[in-house]
Amino acid sequence: MDTILQLLLNGLAVGCIYGLVALGFVLIYKATELVNFAQGDLLMLGAFTCYMFVVWYGLGYWAAFALAIAIVALFGAALDATVLRRVIGQPQFAVVMLTIGLGAIFRSFASITWGSEIYTLPTPFSARATRLGGVTVSHEYVSIIVGTVVLCAALYAFFTYTRVGVAMQAASQNQLAAYYMGIPVKRMFSLIWAISAGVAAIAGVLLAPVSLIDINLGFIGLKAFAAAVLGGFGSIPGALVGGLTIGLIELFAGAYLPHGVKDVAAYVVLLVVLAVRPQGIFGAVGRKKV
Amino acid sequence: MTLLEADNLAINFGGITALAGVSFEVRAGEVLTIIGPNGAGKTTIFNLVSRIYDPTRGRLSFCGEDITRVPPHEIARRGIARTFQNIELFEHATVLQNLLLGRHAHKRSRFVEELLFLPRVRALELEHRGAVEKVIDFLDLQPYRDSLIVNLPYGVRKVVEMARALCTQPKLLLLDEPSSGLSVEETEEMAFWIQDIRTLLGITVLMVEHDMSLVSAVSDRVVALNYGLVIAAGTPRDVQAHPDVVKAYLGG
Amino acid sequence: MRFLFKTSYAQELGLFRDNVQRNWYVALFAALLVLPRVVPDYVGDISLVFIYGLCGLSLMVLAGYTGLISLGHAAFLGIGAYAHVFFAHDLQLPWIVSVALACVITAAAGVLVGLPALRMTGVYLTIATLAFALIIQEIFSRWDRVTGGLKGKPVDKPVLFGFSFASELAFYFLCLAVLIGALWLTANLLRAPTGRAWVAIRDSEIAAQSMGVNVAVYKTMAFAYSAALMGVAGALFAHKISFLAPDIFSVLLSIQLLLMVVVGGLGSLHGALYGAVFVAILPVLISQARDAVPAWHGLDRFVKQPGLEPGLFGLILVLFILFEPLGIYGRWMKVKLYFAMFPLYKRATFKRQKAYMRSERLR
């Protein structure tokens, strides 16, 4: 029983990270129909930036955290304004390749700037744990879960109650109509990129104490894909549920199934889901209109 | 003789009823036009006939055969070809390649034969080419044979799409708004072509159209649709004068 | 400017546009025959270009002609390589039989991926192929009995009909022959109804369907054919690198293969080959350029960092997508047209239409 609870807790924490990265995919996809294959690498940049401020410049954890989010978010907006805006409306292929190329550039940049070693980010939660019955509740995991909940609540409030948030939703749903209504669509898209990159940075910093930082941290994005697809790619709650599902499946597969299954469990689930319900669990059936 | 018969066709998208039980028949050799305000369900009928959508209820039969559950790619083989409202040509291919694809329903070569390009494949290709050239001559497309679709003006694309549909040698041709986006002259030309298709090629035409001059010029009968229901049917003149049709278009 | 006189329909069914073009290809073939004598040191590298060419061909059929983007082609390459080595070494089957079996197995794997892929569109398909590749890679490293697991598996030189292709030169001609064969078969398919159906699916699935194309069957065929080509490429690749290890067939290799077709130019067989040459030559160029960088403010140390190369690949990819989406082949066509039309060349000829967001979702 205790083992199961323990797995449940850890699975949820890992799932939160997948969910956050998936959330970034979905935000951008809903708005611009671009799929950002570099989302995982933005996460890696976020983790490295925070690490740099804490270890190199001796900043406090929270200040470094905030700076990392701000820098990566700004970077996301700049990326949209300079590069990605040009490919809107072009074939899916171009976009996929473009973001893959960007991801490679980011990894290269990280390896040149920070080196290709493996780093640990010291945090206020590091190596602390509380025992609840037979379950070890590590503070790092708790911080991930709490961070995710807070972030989701904030995003929900932003998109539902603020003018900008509603304008963004409008721009996502119908670009042209939003434009006619006087919404600065281009700026909205840059803002969505900023939010999405910021979310990735947060996920990166939350993940850092659990998983160590190296330039391949971004490959977690591949599993987050599974989460996003599971959730239907167009649905924000779907992305989170998808992330949690993948996280739980992975941990339980690691505990109860033969060696090696853990690493591919996410992808197997993804393929099965796509084969049965090609539009994901929460996705709507989409078809080009003629 | 009845070529196509729709019996009580209905379809819902989520909670929206696009068609609420529509019945009509297309007789062999005629030009039947479906008119109606935007959102009346005209294109939906086309998508049902070409089997892109599954009807929620109702039945479709073609040449006395039930086609309600036939897979969409079989429709061309049965003798129904269509055009699209916003033109669905293969944009990065030449006009010739587009028209040759129209011959796909008549494909008889097997994969291995094609892999080795055996003489039989060559002979079949020449046969397809001959059929395509007849359509090119019929619609005066000679100057555009080797142009890519992306480089063609809209009016020509419309004609190419019609040509591609004719290449399947259909019994029934579905034209979705053949005059939309065309100039007045091009629309007049289109009217002549539709008449020629009917009289010279003997192909039955079912079309959706807004331009009343084109409708009255070519149609034998007209069916008027509103909110997914047939509100009037008959000769173009009768339908245009029908009080419900006037109401549907002008409101009130 | 040269004008082409067409006198019969059969003329347009030929592999070459006209005799001039055919003569150029004959000349190219002759050049490839004597090339090993001219640059004996690079024979091995050029064989690799041929193998990449096969991979490019395979991906071009799928991505360039059918419009299905696969991020999992390294897995097919791997399946072909491991299957061939298993049949040829462990089971001691003749080379040709072994390659044929490897081909069949990869084609079957292609169908396996293709089947669920039929119902997916665009990005879902890409992600599904990615997931497939990651699973396959894990299988490579776990299935010790067949693949040798993480320890890897050595590969002997090919022996065909009792003749050994151990020398670089013999292997060069083997690869060349296979590549030309594959090019011929692919070109045949592309000028026949099957190729047209693929292009139709790429440009408008819905129209293809209404014209009688069974989209499911043709997509599966494209997957199977593409995978089969990859299988052959895998067999040759195994001999070329002479040692198989699971981490060779990674996502990065898949990306590199895609880079090849994008840089070469999507939608043309020429593009696949240009891309292969590019991808094979680039690392050589980079390493030579590195040595030439002066030691100015530590610039030479900067460019010698190992992490730089993937970034450069990424940068090239980004620049091509932004500024030359038609790839090297597209650029070549523009240059040709420039001289053909001189001095009347209009830049607008190739200008892309302004595209707004095109929704693939139904609202």
Side-chain angles (χ1 to χ4, degrees), chain B residues 13 46-47 50-52 71-78 80-84 87-93 96-98 100-111 113-118 121-130 132-133 145-146 149-151 161 164-165 167-168 174, chain C residues 4 6 8-15 17 64-65 67 181-182 184-218 220-222 224-225 228 266-268 326 348-353 358 362-363:
Chain B
F13 297 110
F46 272 29
N47 287 343
S50 47
R51 298 284 306 107
I52 296 171
H73 60 263
E74 275 291 325
I75 290 295
R77 217 151 293 162
R78 309 256 164 150
I80 303 180
R82 73 171 287 184
T83 65
F84 296 84
I87 303 190
E88 290 284 334
L89 284 168
F90 312 120
E91 294 201 343
H92 300 281
L96 188 63
Q97 285 168 325
N98 267 275
L100 280 170
L101 190 94
R103 301 287 305 163
H104 192 88
H106 302 274
K107 174 185 149 157
R108 293 203 301 278
S109 47
R110 277 182 293 270
F111 181 76
E113 291 175 332
E114 291 179 11
L115 201 56
L116 302 170
F117 215 76
L118 298 181
V121 178
R122 188 177 289 272
L124 284 171
E125 282 297 287
L126 286 174
E127 195 185 309
H128 289 321
R129 181 67 192 268
V132 163
E133 288 297 334
R145 206 181 268 127
D146 292 320
I149 301 296
V150 278
N151 300 331
E161 206 189 20
R164 185 180 65 185
C167 285
T168 64
L174 310 180
Chain C
L4 195 61
K6 292 179 184 165
S8 74
Y9 295 150
Q11 194 181 336
E12 286 191 60
L13 287 177
L15 277 175
R17 197 179 54 222
Y65 283 96
W184 179 65
L185 294 178
T186 312
N188 280 348
L189 276 184
L190 292 176
R191 59 182 165 150
T194 303
R196 283 200 296 271
W198 284 341
V199 172
I201 289 172
R202 176 191 73 190
D203 284 357
S204 168
E205 211 168 287
I206 219 142
Q209 208 173 39
S210 327
M211 293 295 122
V213 176
N214 187 339
V215 173
V217 167
Y218 279 91
T220 317
M221 255 161 66
Y225 182 70
L266 279 172
S268 76
L326 297 173
T349 312
F350 289 98
K351 200 162 167 66
R352 265 177 300 166
Q353 277 181 356
R358 192 186 63 185
L362 184 71
R363 294 208 181 274

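Keep in mind it's a predicted model, so treat the numbers as computed, not measured. Just so you know, these numbers use all the heavy atoms, side chains as well, and skip hydrogens, waters and symmetry mates. Here is the naming used below: chain letters follow the sequence lines, and residue numbers restart at 1 for every chain.
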TODO: May I ask you to check whether C:Y9 and B:H128 place their ring centres under 6.0 Å from each other?
DONE: no

Open item on the list: Report which part of B:R164 has an atom under 4.5 Å of a heavy atom belonging to chain C: side chain, backbone, both, or neither.
Closed with: both

- [ ] Work out which heavy atom in C:A208 is nearest to a heavy atom in B:L101; give both atom names and the distance.
- [x] CA-CD2, 4.4 Å

Open item on the list: On a heavy-atom basis, which atom in B:A93 and which in C:D203 lie closest, and how many Å separate them?
Closed with: N-OD2, 4.1 Å

- [ ] Not counting sequence neighbours, which residues clear side chain to side chain contact (heavy atoms under 4.5 Å, CB included) with B:A76? List them please.
- [x] B:A105

TODO: Identify which of B:L100, B:V121, B:L89, B:T83 forms the greatest number of heavy-atom pairs closer than 4.5 Å to chain C.
DONE: B:L100

TODO: Go through B:E161, B:Q97, B:H92 and name the one with the most non-hydrogen pairs under 4.5 angstrom from chain C.
DONE: B:H92

Open item on the list: Does B:F111 form a side-chain contact (heavy atoms from CB on, under 4.5 Å) with C:Y225? I'd like the steps, not just the answer.
Closed with: CA-CA 11 Å; B:F111 181 76; C:Y225 182 70; 4.1 Å; yes

Open item on the list: To the nearest 0.5 Å, what is the distance between CD1 on C:I206 and CZ on B:R82?
Closed with: 7.5 Å

Open item on the list: Please classify the contact of B:I75 with chain C as side chain, backbone, both or neither, using a heavy-atom distance under 4.5 Å.
Closed with: neither

TODO: Take C:T194 and B:L115 through the side-chain contact (heavy atoms from CB on, under 4.5 Å) test and state the conclusion after the steps.
DONE: CA-CA 9 Å; C:T194 303; B:L115 201 56; over 6 Å; no

Task: C:R202 NZ/CZ over B:F90 ring centroid, <6.0 Å and within 45° of normal - done: no

Task: Side chain / backbone / both / neither for B:E74 at chain C, heavy atoms under 4.5 Å - done: neither

Open item on the list: Checking B:L116 against C:W184 for the side-chain contact (heavy atoms from CB on, under 4.5 Å) test, could you report, in this order, the C-alpha distance in whole Å, the side-chain angles of both residues, the deciding distance, and whether it holds?
Closed with: CA-CA 8 Å; B:L116 302 170; C:W184 179 65; 3.9 Å; yes

TODO: Drop me the distance from B:I87's CD1 to C:S204's OG, to the nearest 0.5 angstrom.
DONE: 11.5 Å

Open item on the list: Counting only heavy atoms not in B:R77 (residues, nucleotides, ligands), do more than 12 fall under 6.0 Å from its CZ?
Closed with: yes

Task: Test side chain to side chain contact (heavy atoms under 4.5 Å, CB included) applied to B:T168 - qualifying residues, sequence neighbours left out - done: B:A81, B:P170, C:M211

Task: Separation between CD of B:E114 and CZ of C:R196, rounded to the nearest 0.5 Å - done: 8.5 Å

Open item on the list: Heavy-atom cut-off 4.5 Å, strictly under: side chain, backbone, both or neither for B:R122 against chain C?
Closed with: both

Task: Minimum heavy-atom distance C:G212-B:H104, with the two atoms named - done: O-CD2, 3.4 Å

Open item on the list: So does C:L13 get a backbone contact from the side chain of B:E125, meaning a donor-acceptor N/O pair under 3.5 Å?
Closed with: no

Open item on the list: Run the side-chain contact (heavy atoms from CB on, under 4.5 Å) test on C:S210 and B:F84 for me, step by step, so that the C-alpha distance in whole Å, both residues' side-chain angles and the decisive distance to 0.1 Å come before the verdict.
Closed with: CA-CA 10 Å; C:S210 327; B:F84 296 84; 3.3 Å; yes

